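The structure appears right after this line, and notes come after that.
Chain A is the first sequence line, chain B the second, and so forth, proteins listed ahead of strands; every chain is numbered from 1. The structure displayed is predicted, hence computed values, not measured ones.
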There are 2 protein chains.
Amino acid sequence: MSRPTIYDVARESGVSIKTVSRVINDAPNVRPATLARVRTAIDLLGYQPDPAAQRLGGGRLPTVGVVVDSIADPFFAQLAAVVESRAAAVGMDVLIASTGLDEERLRSQVERLSRRGVAGFVVAPFGDPAAVAAALPSDVPVVVVDRPCGTVGTDAVRVTDEAGAYEAVRHLVDHGHRRIGFVGRTGQFVTLADRYRGYERALREAGLEVDPTLVETRAWTTEEALPLMAQLLTRPDAPSALLAATPMTGLAVLTAQQRLNRRDVALVVFGDLPGAELMTPPTTVVDQQPTALAETAFDLLQRRLREPSAEPLDTVLPTRLVPRGSGELRPRGAA
Amino acid sequence: MSRPTIYDVARESGVSIKTVSRVINDAPNVRPATLARVRTAIDLLGYQPDPAAQRLGGGRLPTVGVVVDSIADPFFAQLAAVVESRAAAVGMDVLIASTGLDEERLRSQVERLSRRGVAGFVVAPFGDPAAVAAALPSDVPVVVVDRPCGTVGTDAVRVTDEAGAYEAVRHLVDHGHRRIGFVGRTGQFVTLADRYRGYERALREAGLEVDPTLVETRAWTTEEALPLMAQLLTRPDAPSALLAATPMTGLAVLTAQQRLNRRDVALVVFGDLPGAELMTPPTTVVDQQPTALAETAFDLLQRRLREPSAEPLDTVLPTRLVPRGSGELRPRGAA
DNA sequence: CGAGGCGTTGACAGCGCTGTCATGCCGCCC
DNA sequence: GGGCGGCATGACAGCGCTGTCAACGCCTCG
C-alpha cells in the first residue's frame, strides 16, 4: 500500500531496525551476511529512507543548498545545473535560493536553508567580507564559489581573476591599444577588485597610465551601465578598447555600441556570454569555465561531507582567453 | 542555545503545544487573545517551525518542486528564478530537478521530490502524454507549464503556440517570402506540434504549399541542428526564410548562418534569445513571456494549495511577435 | 579455564511536529 | 433547570528515523 518503512525492511530481513539503519548509512560493524540480507530486503521492497525522518532523527538532509545572486544569470544557471546533475548522481537534492544584491538576504537565505536541514552549501557570496563570514553557517559545510570575499576557513573555488584580467588587457595592449577602459562595479565584490588590479598591472607593465576617467565602477546591471557607457564611448577622448569585468556589463557595452551604431571599440568581457560567437564581431571573452568551477565546488563539498575536519582548500582555476574577434580589433588609425 | 521548539513557545505563552500548532497553521477556533499571546511569544523567541518535523507529523513541506529539462536553458532559468522569488515571498523553498530529455528521468525525479515532501510542482513535461500523465503524482498539486502534453485534470499554463507560429509565418509571408522552412523536433513535444500546425495553417492560408523538404524535425540541440541547417541553407532551392520552433534551434540556425557567412535568410525564432537584440541583424522572435508564464504558474499552484478541489484551469497566455530585424528581411531579388 | 575485549546486534528513548480524541466551558433551548 | 451543541483547549500517540547504551556472543590471553 503505502511506502515501505524501515520496519518493513527489518521484518523482511529478520533484523532490528537499527541494523537496517546501519546498512543505510554505511555504518561499520555489520556482518557481511547480515548486510547482504538487509540489502536484498531493501531492493525487494524498494525501500527508500524518508529524508524528513532522517533529519528529525538527528541528521541533515541529503540536500545541497545553492545560494546565488540570481539563477536567471546564465553563469549561475550553468553552475546550478552542474551541481544539480552531480548531486542527483549521488542521490542528493538541490535547493536554490537567490539573494539579489542584498547582503541581508544572503544571510537570511543561508539561515533558512540551514534550518531547512541542508547538508551543505554552494554559495556565491558578496559584500563586506566580515558580513559574509558572519552570514555563513559554521555548523554546515560551505563551499564558496567564484567570489571568495576574503573568507577563511571554508573551502573555496575561484578563478585567477587578477591574471585573467591582466591577460585580457595585455591582449588589448598587444593589439595596439593605449586607451583602455574598465567597466564593472568593484565595491561589493572582492573578485572584481582583483580583476581591476589585473587591469591596472597590465597597464603599468605596458608603461601606460591609469586614466581614472576611463574606469567606470558604478555599473552593475545593464540598465545602470547603459547611459554611462554611452557617455564614455562618445567622449572625444573615448577609449579605443574596454575590459568589461562581468558578462552583465559586457552586455551593457555591447548594447551601448549597438545603439550608437559603433563597432570600432575593442572589447574583452570577463565571463562568457550566451551567443557571444554570434555577435558582430564575435565577442572575445575571458572564460570562467563555470562547469569546471561547479564540478570542483561539488567535489570539495563532497570531500568535506566525508571528512568534516579536512584542511580547507582554496582551489584556483585558470581562466582562458577566448579570442573571437572583438578583442582583436585594432584602434582606429592604427597600422 | 539551540533553536526554540514549539514547546518553548507553549511554555512562554502558557498554552499547550497544540494551540501553538494551531496558530502556526492558521487553524480556526483560537480565541483572539490566545492567538495574540502565542504570536507574541513566537516573535519573542524567534521561533520557526522545523519543516522536517512538520512533514513527519503528517504534512508536506513548504516547498515547491520545479522540474524542467535543464535549468541551464535560459527559458527555464528565468522560469525557476521567478518561481523562486515568488516562493520566497510566501516562505516557501524551491527544489529543482532536471530531467534532460529522458522520460524515465522525468518520472523518477517527480517521484523523488514527491517523496521528499514537496507541497506542489511546477513541471515542464514532455514525451508521450500517457506516460506524462502516469509520471505526474496524483496526491500532490501539479501545474504544468509550457507544454501541456495533453494532460487533463491538472492546472496548466501555456502560450498560444499555434497562433504564435501562425503569426510569425504570416509575418514572413507579408515580407514577401514564399519558401519558408520550419526547424524543430516535433515528436516529443505537443507544443512543437502545435507550432508546426500554426506554420502549416499560415502557409495554407497564404496559398502556399508545405514543402516537406523545408521542414526539419530532427533537430533538438544546437549540435544536432548545425549540419542539418548548413545543408538546408546551401541547397539550390534553399528557403528564403525560416521559423525556428525553439530558442535552441534558433541558435543553431544563427550559428549555421554565421559559419556560412550568410545574413540573407529571414528568421523568426519562437522564444526569446539572450542577446537577440545584439545580433546582426537583431533577431525577430515570438516572445513566450517566461516571466508571465512563471507568475501564472505559481499563482495557480497557490490557488490549488488553498483549494485542492478547485476546477483545474488551463490558462493560455498570448505570445507577442517582437520584430527586431531578422524577421523583416526580404527575400533575395525581391522588390 | 575464567576474565576481559571486541565485533555485532537490539531495545528504547527521543527528534519537533500534527492528527485524533477527550475535556471543560459557555450559552441556548425546551 | 437539565440537557445539548459548539467553541476553545489540551493530552497523547504516533510519523520514520538515529543516537545511546546495553546485551550477547565469541575469541584471546593470562
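- Shown here for B:Leu35 and B:Val30, the closest heavy-atom pair between the two residues is N-CG1, 3.8 Å.
- Listed by chain and number, the residues in a side-chain hydrogen bond (donor to acceptor under 3.5 Å, both in side chains) with B:Thr5 amount to none (sequence neighbours excluded).
- End-to-end axis angle for the helix from C:dC1-D:dG30 to C:dC30-D:dG1, using five pairs per end and rounding to 10°, comes out at 50°.
- Between B:Asp8 and B:Arg3 no salt bridge is recorded (no basic side-chain N to carboxylate O distance below 4.0 Å).
- For C:dG14, neither phosphate oxygen OP1 nor OP2 lies less than 4.0 angstrom from any side-chain nitrogen or oxygen of B:Tyr7.
- Phosphate contact (OP1/OP2 of C:dG10, side-chain N/O of A:Thr19, threshold under 4.0 Å): present.
- B:Ala10 approaches B:Ser16 most closely through the heavy-atom pair CB-C, 3.8 Å.
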Could you go through nucleotides 22-27 of chain C and list every protein N or O atom that sits under 3.5 Å from one of its N or O atoms, giving the distance for each pair?
none

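- Side-chain nitrogen and oxygen atoms of A:Ser16 include none within less than 4.0 Å of the OP1 or OP2 phosphate oxygen of C:dA11.
- Closest of all the heavy-atom pairs between A:Pro141 and A:Ala119 is CD-O, 3.2 Å.
- Atom CZ of B:Arg147 is separated from atom CG of B:Asp69 by 4.0 Å, given to the nearest 0.5 angstrom.
- One can place CD1 of A:Ile24 at 6 Å from P of D:dC17, the figure rounded to the nearest angstrom.
- At the phosphate of C:dC15, neither OP1 nor OP2 sits under 4.0 Å from any side-chain N or O atom of B:Thr5.
- Nucleotide D:dA13 holds its P atom 15 Å from the NZ atom of B:Lys18, rounded to whole Å.
- For the pair B:Ala131 and B:Glu103, the tightest heavy-atom approach, listed with the atom from each and the gap, is CB-OE1, 3.8 Å.
- Scanning both residues, B:Ser98 and B:Gln109, for their nearest heavy atoms gives O-NE2, 2.9 Å.
- Closest approach to the B:Ile6 side chain among C:dC17, D:dT9, D:dT18 is made by C:dC17 (side chain taken as heavy atoms from C-beta onward).
- For B:Asp26 and D:dA8, the CG to C1' distance is 17 Å, given to the nearest whole Å.
- Minimum heavy-atom separation, A:Arg116 to B:Pro51: CD-CG, 3.6 Å.
- At a threshold of 4.0 angstrom between heavy atoms, the contacts of A:Pro28 with the nucleic acid are absent.
- A:Asn29 comes within contact range of at least one nucleobase, with a heavy-atom separation under 4.0 Å.
- Annotation: of the two residues near DNA chain D, B:Arg31 and A:Gln48, the 5′-most nearest-nucleotide partner is B:Arg31.
- Nucleotide C:dC15 holds its C1' atom 13 Å from the CG atom of A:Asp50, rounded to whole Å.
- Between B:Glu111 and B:Arg115, at least one side-chain nitrogen of the basic residue sits less than 4.0 Å from a carboxylate oxygen of the acidic one, meeting the salt-bridge criterion.
- Rounded to a whole Å, the CG atom of B:Leu61 is 12 Å from the C1' atom of C:dC17.
- If you take CD1 of A:Ile17 and P of C:dT8, they are 20 Å apart, rounded to a whole angstrom.
- Whole-Å rounding puts the B:Arg55 CZ to C:dC17 C1' distance at 13 Å.
- Atom pair A:Asp8:CG and D:dC15:C1' shows a separation of 13 Å (rounding to whole Å applied).
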